[in-house]
J.: 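Take a look at the following structure, please.
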Amino acid sequence: MPGYGVQPATEGTGLLPWSWAEERLAAAHEYWVATVRPDGRPHLMPVWAMWHEGALWFSSTPGSRKTRNLRADSHCSVSIDNGTEPVVIEGVAEEISDPAAIGRITALEKRKYSTEYAAEQPLFRVAPARAFGIAEGDPTGSPTRWTFPG
């Protein structure tokens with residue numbers, strides 16, 4: 001991108017706070033999960049998900065390509081459904097089997113999506129290792145990368 005670089009954090013341009021990204025992660029309706037097939041080809045699919053306690057949680061059917069990919073290589077990328085103010089996270093999908101956690105996420109998902117759709121097992125949790133965001137109207141000043149310990 002022409003002019004892309006690190007800008008000072010000044011009014012109207014500059015690095016975005018992590019709270020900006022978390023607001024968009026929580027508000028998104030759909031999320032796009034990118035995984036890697038065993039032969040190295042990418043696999044991208046939309047999911048319903050929850051941003052909760054600093055991580056993205058989503059379920060998938062046991063035999064789905066997404067689940068099989070994550071069980072073979074748990075590294076993934078996830079993007080929100082907003083192309084004008086995108087947030088993308090990279091991380092490792094942890095498979096969750098704790099019934100209490102599954103129940104908690106199912107309840108949150110039912111509320112968010114106004115549905116009786118229940119979280120299926122397996123349930124995955126992706127805590128970001130790295131994230132990226134860009135604010136609408138400031139494509140050269142706002143691109144921000146966040147990194148997280150761990």
Side-chain angles (χ1 to χ4, degrees), residues 1 9 12-139 141-150:
M1 179 181 302
T13 189
L15 300 178
L16 301 166
W18 177 239
S19 59
W20 179 93
E22 283 196 302
E23 288 171 10
R24 281 144 188 85
L25 286 161
H29 191 269
E30 283 88 30
Y31 303 78
W32 290 85
V33 177
T35 61
V36 179
R37 296 172 190 263
D39 65 4
R41 291 180 297 139
H43 180 258
L44 180 68
M45 291 300 287
V47 298
W48 281 359
M50 299 297 310
W51 180 256
H52 180 66
E53 296 178 345
L56 192 80
W57 303 70
F58 64 92
S59 59
S60 184
T61 58
S64 73
R65 169 51 52 200
K66 177 172 45 287
T67 296
R68 290 181 294 165
N69 289 349
L70 290 172
R71 285 179 173 163
D73 180 349
S74 57
H75 293 89
C76 64
S77 295
V78 182
S79 177
I80 63 171
D81 59 355
N82 183 340
T84 58
E85 290 196 321
V87 176
V88 178
I89 64 172
E90 295 177 345
V92 173
E94 172 189 7
E95 191 168 344
I96 305 297
S97 58
D98 174 48
I102 293 169
R104 199 168 50 250
I105 296 305
T106 299
L108 291 170
E109 192 171 66
K110 285 179 181 180
R111 213 172 15 247
K112 177 178 181 177
Y113 292 103
S114 300
T115 185
E116 285 303 310
Y117 174 85
E120 300 172 13
Q121 290 186 29
L123 176 67
F124 293 98
R125 177 185 179 274
V126 180
R130 186 179 282 190
F132 308 89
I134 302 173
E136 182 177 19
D138 194 10
S142 70
T144 303
R145 179 183 66 214
W146 299 271
T147 56
F148 302 89

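Just so it is clear, the values below take in all heavy atoms, side chains as well, and ignore hydrogens, waters and symmetry mates. This is a predicted model, so every value here is computed, not measured. Starting from 1, each residue takes its place in the sequence as its number.
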J.: Taking the side chain as C-beta and beyond, is there a heavy-atom pair between F124 and V33 under 4.5 Å?
T.: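 Heavy-atom side-chain distance check fails, nothing below 4.5 Å.
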
J.: Determine whether the side chains of W48 and E109 contain a donor N or O and an acceptor N or O closer than 3.5 Å.
T.: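 No.
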
J.: Of the non-hydrogen atoms in L70 and A93, which two are nearest, and what is the gap between them?
T.: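 Shortest heavy-atom contact: CD2-CB, 3.8 Å.
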
J.: Nearest 0.5 Å please: distance from the CG atom of N69 over to the NZ atom of K66.
T.: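 The distance works out to 9.0 Å.
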
J.: How long is the straight-line distance from OG1 of T144 back to CZ of F132, given to the nearest 0.5 Å?
T.: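 Between atom CZ of F132 and atom OG1 of T144 there are 11.0 Å.
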
J.: What pair of heavy atoms forms the shortest contact from P122 to R71, and how long is it?
T.: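 Result for this residue pair: CG-NH2, 3.6 Å.
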
J.: Supply the atom-to-atom distance S19 OG to R24 CZ, rounded to the nearest 0.5 angstrom.
T.: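 Going from the OG atom of S19 to the CZ atom of R24 covers 9.0 Å.
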
J.: Do the non-hydrogen side-chain atoms of H52 and I105 ever get within less than 4.5 Å of each other?
T.: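 The answer is yes, as the side chains (C-beta and beyond) meet within the 4.5 Å cut-off.
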
J.: Without swapping roles, check the side chain of S64 against the backbone of T61 for a donor-acceptor pair under 3.5 Å.
T.: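 Side chain of S64 to backbone of T61, a donor-acceptor pair under 3.5 Å: yes, one is there.
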
J.: Which atom names give the shortest non-hydrogen contact between L15 and P143, and what distance separates them?
T.: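 The answer is CD2-O, 3.8 Å.
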
J.: Please name the pair of heavy atoms, one in I80 and one in E85, separated by the smallest distance, quoted to 0.1 Å.
T.: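 Closest approach of I80 to E85: CD1-O, 3.6 Å.
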
J.: Which heavy atom in G141 sits nearest to a heavy atom in D138, and how many Å separate them?
T.: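 Minimum heavy-atom separation between G141 and D138: N-OD1, 3.2 Å.
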
J.: How long is the straight-line distance from CG of L123 back to CE of M50, given to the nearest 0.5 Å?
T.: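 Reported to 0.5 Å precision, the distance equals 11.0 Å.
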
J.: Do the side chains of W51 and I89 get nearer than 4.5 Å, heavy atoms only?
T.: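 Touching, per the 4.5 Å side-chain cut-off.
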
J.: Got a sec, which residues hit side chain to side chain contact (heavy atoms under 4.5 Å, CB included) with A55, two or more places apart in sequence or on another chain?
T.: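 W57, R125, A127.
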
J.: When rounded to the nearest 0.5 angstrom, what is the spacing between NZ in K112 and NE2 in H29?
T.: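 Going from NZ on K112 over to NE2 on H29, the span is 7.5 Å.
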
J.: What are the two closest non-hydrogen atoms of A135 and W20, and how far apart are they?
T.: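 Where A135 meets W20 most closely, the heavy atoms are CA-CZ2, 3.8 Å.
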
J.: Kindly indicate whether the side chain of W146, heavy atoms from C-beta on, has any atom under 4.5 Å from the side chain of L16.
T.: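 They are in contact (side-chain heavy atoms under 4.5 Å apart), so the answer is yes.
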
J.: Hey, is NE2 on H75 packed in by over 12 heavy atoms from elsewhere, all under 6.0 Å?
T.: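 Open.
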
J.: Would you say that D73 contacts T35 through its side chain, given a criterion of any heavy-atom pair below 4.5 Å between the two side chains?
T.: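 They are not in contact (no side-chain heavy atoms under 4.5 Å apart), so the answer is no.
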
J.: Run the salt-bridge test on R41 and D39 with the 4.0 Å N-O cut-off and return the result as yes or no.
T.: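 Here R41 pairs with D39 in a salt bridge, since their nearest N and O are under 4.0 Å apart.
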
J.: Is a side-chain N or O of T67 found less than 3.5 angstrom from the main chain of G63, in a donor-acceptor match?
T.: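 Looks like no, no N/O pair under 3.5 Å.
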
J.: Measure the spacing between CZ of R65 and OG of S60 and express it to the nearest 0.5 Å.
T.: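 Reported to 0.5 Å precision, the distance equals 11.0 Å.
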
